[in-house]
Structures are given as C-alpha cells and as structure tokens.
Amino acid sequence: MNIVILAAGMGKRMRSALPKVLHPLAGKPLLAHVLDCARSLQPSRIIIVHGHGGAQVQALLDAPDLRWALQEPQLGTGHAVMQTTSELDESVPTLVLYGDVPLITKQTLERLISVSGSACLALLTVHLDDPTGYGRIVRDGDRIVRIVEQKDADDAVRAIREVNTGILIAPTVALKRWLGALSNDNAQREYYLTDIVSAAVAEGVAVTATQPSGLWETLGVNSKAQLATLERVAQQRIASQLMEDGVTLADPARIDVRGSLQCGRDVSIDVNCVFEGNVLLGDDVTIGAHCVIRNAQIGAGTQLLPFTHIDGASIGAQARIGPYARLRPGTELADETHVGNFVEMKNAKVAKGSKANHLAYIGDAVVGERVNIGAGTITCNYDGVNKHQTVIEDDAFIGSDTQLVAPVRVGRGATLGAGTTLTRDAPAEQLTVSRAKQMSISSWKRPVKRAGKKSS
Ligand code: UD1
Ligand code: CA
C-alpha cells in the first residue's frame, strides 16, 4: 500500500514558530507518531505532503524510506493529495493519514484496510455528540453517498452526527481519476479530498466505513489545549501498559514517559516521576517521588530516593541514590554504591560499595571499591581551560570538606584529613592532611562595648 501523510497545514492556532507537526507529544514530534504507525503497516511507499516549515520538518525526520511532496500554496486536502500522484504505486491502494492526528493505531488502520477490499473506498468515521466543524457523512439509507463540509452544509446535514475523521483508503488508479476531477466550487474555495466520495458513488464504486477502537485515536492537534489533552491520553495509555506489564505505579495519572521506559519485575514508581529518552529499570527497582530520569540504566534492587535527577548515567544493582542526588552524563556507579543528598557526579566511575553520602561534587573521577567520600568533598577538575582527572584507589577515606585539585591521585587505603586541599598525590595507607595548625590563645579577651557610646 501507499501511505500519504498530510502535513502541509500551518497550524496557525498553535501560535508557534515551530511547525505544528514537530510539536512533541510524549517526547516525540506529532509526525513521528504517525510515521511509527505508518511503518508498522509495512507500506511500499510513504509520501509526506509538506508545506509550512517543510524544510525544517524534512531536516528533522527524513529517512531513506520517505518521499516528500511539497504543497505550495495549500489549496485544500484534495489538492494536497494531488501533489503525491506521481509518487503513488498504482498496483496497491492508498491510505491517507494526517500528520497532526498522532494517536491513530495500527489495529484501527488494519480494520479499515480489511473493510476496504480491493475496489472500494473505505472511510474512518466517528459519531460525535457535537459534530461542529467536521465533514458530515451523508447516507441514503445505509449507503454513504457523500461528505459535506460544515461550511457547505444546511441545517439538516449539520444535524448529522457521523463525521469524517479524514483517514481513508482508496484504490489508487481510481483515486487519481477522482482527484483529477475535483473542483474548488465550495464555500472555502478549496479542493476537498472529501469530494472523492460522491465521485466514487457516481461511478458505482462502493463506499464503506468503519470506526476506530477509541475516539481519541482520531483527535487532531490544532491548539496547545488539544496538544495537552492528547498528551494526557498518550500518558494514560503508557501508564496502563506499564501496569499491565506488572509495574506498580503509585498513581497512573502522575507519571510522564517521554521516550521508552523498560522495566523488569516488581518495579515500583512513586508519583510525579518523568522518564525521558531510553530508560531501563532492572527487577525490584524502586523510584521515589519527583525523580527525573533520562537515558539511564538502573540495576536490580536499586533504590532511587525522592527528587533525584539522572541524565546519561548507569547504576549497578543494590545501589541507593538520593534524595536530591544529581547524576550527569558519563556517571557509572557499580553495585552497592551510595550517593546521597546534594551530591553531583559527572563523568565519574565509582566501583562497588563506595559511598558519597552528602554534599559533594565528583567530576572526571575514577573511584575504587569501598571508598568513603566525606561531606563537602570537591574534585577541582577544571583549571579554567582544561578538565583533569582525579583517581581515588580502593579503600581510601576522604575526610569532609576536602578539595582534590586534579590531576591528582589518592593511593589505596589512604586517609585524607578533613579540610585537606590536596594538590599532590596522597601515598597509600598514610594519613595526608593539609591544614593550618590549630591554636588557642588563653590571654585573649572578647572586646566589650565602651560606656557612654551609642551603637549606630
Ligand atoms: C478535514 C476534512 C473534514 C474532516 C476533518 C477532520 C476535507 C475537505 N475536510 O477538514 O471532512 O472532518 O478534516 O479533522 O478534507 N492539509 C494539507 N494541505 C491543505 C489543507 C490541509 O496538508 O491544503 C492537512 C493539514 O495539515 C491537516 C489535514 O490536512 O493535517 C486536515 O486539514 P484541516 O484543515 O485540519 O482539515 P479540514 O479541512 O478542516
Ligand atoms: Ca481547511
């Protein structure tokens, strides 16, 4: 089959510089949702009709399996499909989708394809309590005879509640013939794709209709409000699927997945967590409330405590991260590591059983096993021009409020005294401390206020 995706409309009501079909839904452009669904049907060709912001759309989404047809100016949905006729394979039917109707499902389209047969025109229709704005499906008895647009309809037609979703499948040779005969003699001076219905009927070609599994599948995005409505629909569906797969969600209405989230067995996720990109959670992982996790891999049994932020990091099994931890790209934590509150890590490899429990910055570092990093420890990795590495070997103990001025190495089993500013390597097994000597002055008296003087 050929699939034509209409995406030339400008989406004025979005009030945005971004072309409408590039607005993200569940972390992915609207048009990318339609493309995923289209590809799942394994069509022989996919042709996208683009216009407003077309170059930007093409630059972002182009792929070897796509063909692009420019529609300039935009003279209606029929005119849009006309721009694709030279690209259509006549030996197979043509399915028309909308680039701004992102949630259409493979199941519904397969049903539409199955009712279309080889020589008939099949429409996807829905029944609406308020059909205002849509093209109405006019029937003679059971037989569909034409579609009338809202602006061309009289009161009797406007009372019809069965409407055109715009999605249809047609035999290609006939479609080209019907398109060639379209006129713009209507209220909007547009070439309506919907006029192919009366053309088919006039030729004695059967016109059938089927309905989607859910009304939401046919909802389009014309405004930010509709985008938000569809975002909720998409998130509810993702949450339902996660629960079906055995994930415990504290509240399925308070999770946002903007990409792919794969979970092992007995994963549990508290409220208000956001997952972006590709996230992999192992068995028995628990995610506390308000975590933002992006492109991360988290090992079995690991606990993320509330308000943890992870981007581009991998964490082993049985680790404990947070609350309020921030793991930035290139962080690799091994099994049984602990990273506590207000600890930031970037490009840091931390081996098994090591801990940084409070208030630290560990960047461009390699940390061995069983290392204890005290509160207030900072790797001074940046000299204003270049980044340098800090190496901390197994079993080292880094006292609180220590600065490690990289490049620097702390030997195996070394202890750094609290407050040390380490500028040279610390030898293994020894105590290294850099600190002004403490003194006490026994004769010192605290100043007192002189009599008769007012304090200002
Ligand atoms: C169209 C249908 C109407 C249906 C409604 C469903 C026609 C004449 N009318 O209405 O029966 O109920 O969809 O939403 O087909 N587009 C182009 N080029 C154009 C015009 C539109 O690519 O010149 C694209 C738009 O980007 C959009 C889609 O076609 O993705 C539908 O256009 P829109 O203007 O929203 O639909 P209507 O004409 O209002
Ligand atoms: Ca229109």
Side-chain angles (χ1 to χ4, degrees), residues 3-14 16 18-23 25 29-31 33-35 37-38 47-54 57-58 68-85 95-104 121 123-128 130-138 144 146-153 157-158 160-168 170 175 178-179 182-199 207 209 211-212 215-223 226-227 230:
I3 296 185
V4 170
I5 302 175
L6 303 189
M10 78 164 142
K12 202 161 70 186
R13 284 197 282 147
M14 297 298 278
S16 168
L18 191 67
K20 177 162 77 173
V21 292
L22 293 185
H23 281 265
L25 180 85
L30 294 173
L31 182 55
H33 287 267
V34 182
L35 281 173
C37 182
I47 306 117
I48 300 169
V49 182
H50 65 121
H52 281 282
V57 176
Q58 193 170 354
W68 299 81
L70 182 67
Q71 187 199 17
E72 190 58 70
Q74 284 93 46
L75 302 178
T77 50
H79 181 255
V81 180
M82 280 180 215
Q83 312 311 308
T84 70
T85 48
L95 171 68
V96 176
L97 301 176
Y98 284 6
D100 56 0
V101 179
L103 297 181
I104 187 70
L121 172 59
L123 310 173
L124 189 68
T125 69
V126 286
H127 293 82
L128 298 179
D130 178 9
T132 311
Y134 290 90
R136 307 299 203 281
I137 306 295
V138 180
I144 295 174
R146 62 178 170 278
I147 298 177
V148 179
E149 292 304 301
Q150 167 89 17
K151 288 185 176 146
D152 301 292
V157 167
R158 286 187 181 184
I160 296 170
R161 301 222 295 229
E162 186 183 7
V163 306
N164 175 33
T165 64
I167 292 170
L168 57 82
L175 174 67
W178 300 330
L179 288 172
L182 287 184
S183 91
N184 65 349
D185 182 13
N186 53 53
Q188 302 184 77
R189 294 274 150 214
E190 283 182 8
Y191 294 90
Y192 291 164
L193 179 59
T194 45
D195 284 348
I196 66 171
V197 173
S198 47
V207 181
Q211 283 73 44
L215 184 61
W216 47 266
E217 290 183 52
T218 63
L219 297 177
V221 174
N222 296 299
S223 64
Q226 287 171 337
L227 182 62
L230 286 200

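Order of appearance sets the numbers: ligands from 1, and atoms from 1 within every ligand.
The shortest side-chain heavy-atom distance between L123 and V197 falls under the 4.5 Å cut-off. Side-chain contact between L193 and L179: present, with at least one pair of heavy atoms (C-beta onward) separated by less than 4.5 Å. Taking the side chain as every heavy atom from C-beta outward, I196 and L121 approach each other to under 4.5 Å.
In T165, the part holding a heavy atom less than 4.0 Å from any atom of ligand 1 is the backbone. Contact annotation for Q71 and ligand 1: only side-chain heavy atoms (C-beta onward) come within less than 4.0 Å of the ligand. At a heavy-atom cutoff of 4.0 Å, ligand 1 is contacted by the backbone of L75 but not by its side chain. With a 4.0 Å heavy-atom cut-off, ligand 1 is reached by no atom of H79.
If you number the atoms of ligand 1 from 1 as listed, the ones under 4.0 Å from a heavy atom of A80 come out as 17 (C), 18 (N), 22 (O). Ligand-side atoms of ligand 1 in range of N164: 2 (C), 3 (C), 4 (C), 6 (C), 11 (O), 12 (O), range being under 4.0 angstrom from any heavy atom. Per-residue contacts place L6 under 4.0 angstrom from the following atoms of ligand 1 (heavy atoms of the residue considered): 22 (O), 24 (C), 29 (O), 30 (O). Near Y192, meaning under 4.0 Å from any of its heavy atoms, are these atoms of ligand 1: 8 (C). The contact set between ligand 1 and G135, taken as ligand atoms under 4.0 Å from a residue heavy atom, comprises 3 (C), 4 (C), 11 (O), 12 (O).
Of the N or O atoms in G76, one or more lie within a sub-3.5 Å distance of an N or O in ligand 1. Between G9 and ligand 1, a contact under 3.5 Å exists for at least one N or O pair. Residue-to-ligand polar distances keep G166 apart from ligand 1: every N/O pair is separated by 3.5 Å or more. Where the criterion is an N or O separation shorter than 3.5 Å, residue side chain and backbone included, E190 fails it with respect to ligand 1. Remark: ligand 1 and T194 share no N or O pair separated by less than 3.5 Å (distance only, no angle test). Distances between N or O atoms of D100 and those of ligand 1 include at least one value under 3.5 Å.
Put simply, CG on L6 and CD on Q71 are 8.0 Å apart, with the number rounded to the nearest 0.5 Å. Of the inter-residue distances, the one linking W68 atom CH2 with I5 atom CD1 reads 8.5 Å to the nearest 0.5 angstrom. The CG atom of N186 sits 6.5 Å away from the CG atom of D195 when rounded to the nearest 0.5 Å.
Between I160 and the choices L128, V148, V138, the side chain to side chain contact (heavy atoms under 4.5 Å, CB included) rule is met once, by V138. No option in D152, N184, T77 other than D152 meets the side-chain hydrogen bond (donor to acceptor under 3.5 Å, both in side chains) test with Y192.
When the heavy-atom distances from atom 22 (O) of ligand 1 to A8, G133, G99 are ranked, the shortest goes to A8.
No side-chain donor-acceptor contact under 3.5 Å links T132 and Q150.
Closest approach of G135 and E149 over heavy atoms only: CA-OE2, 3.7 Å.
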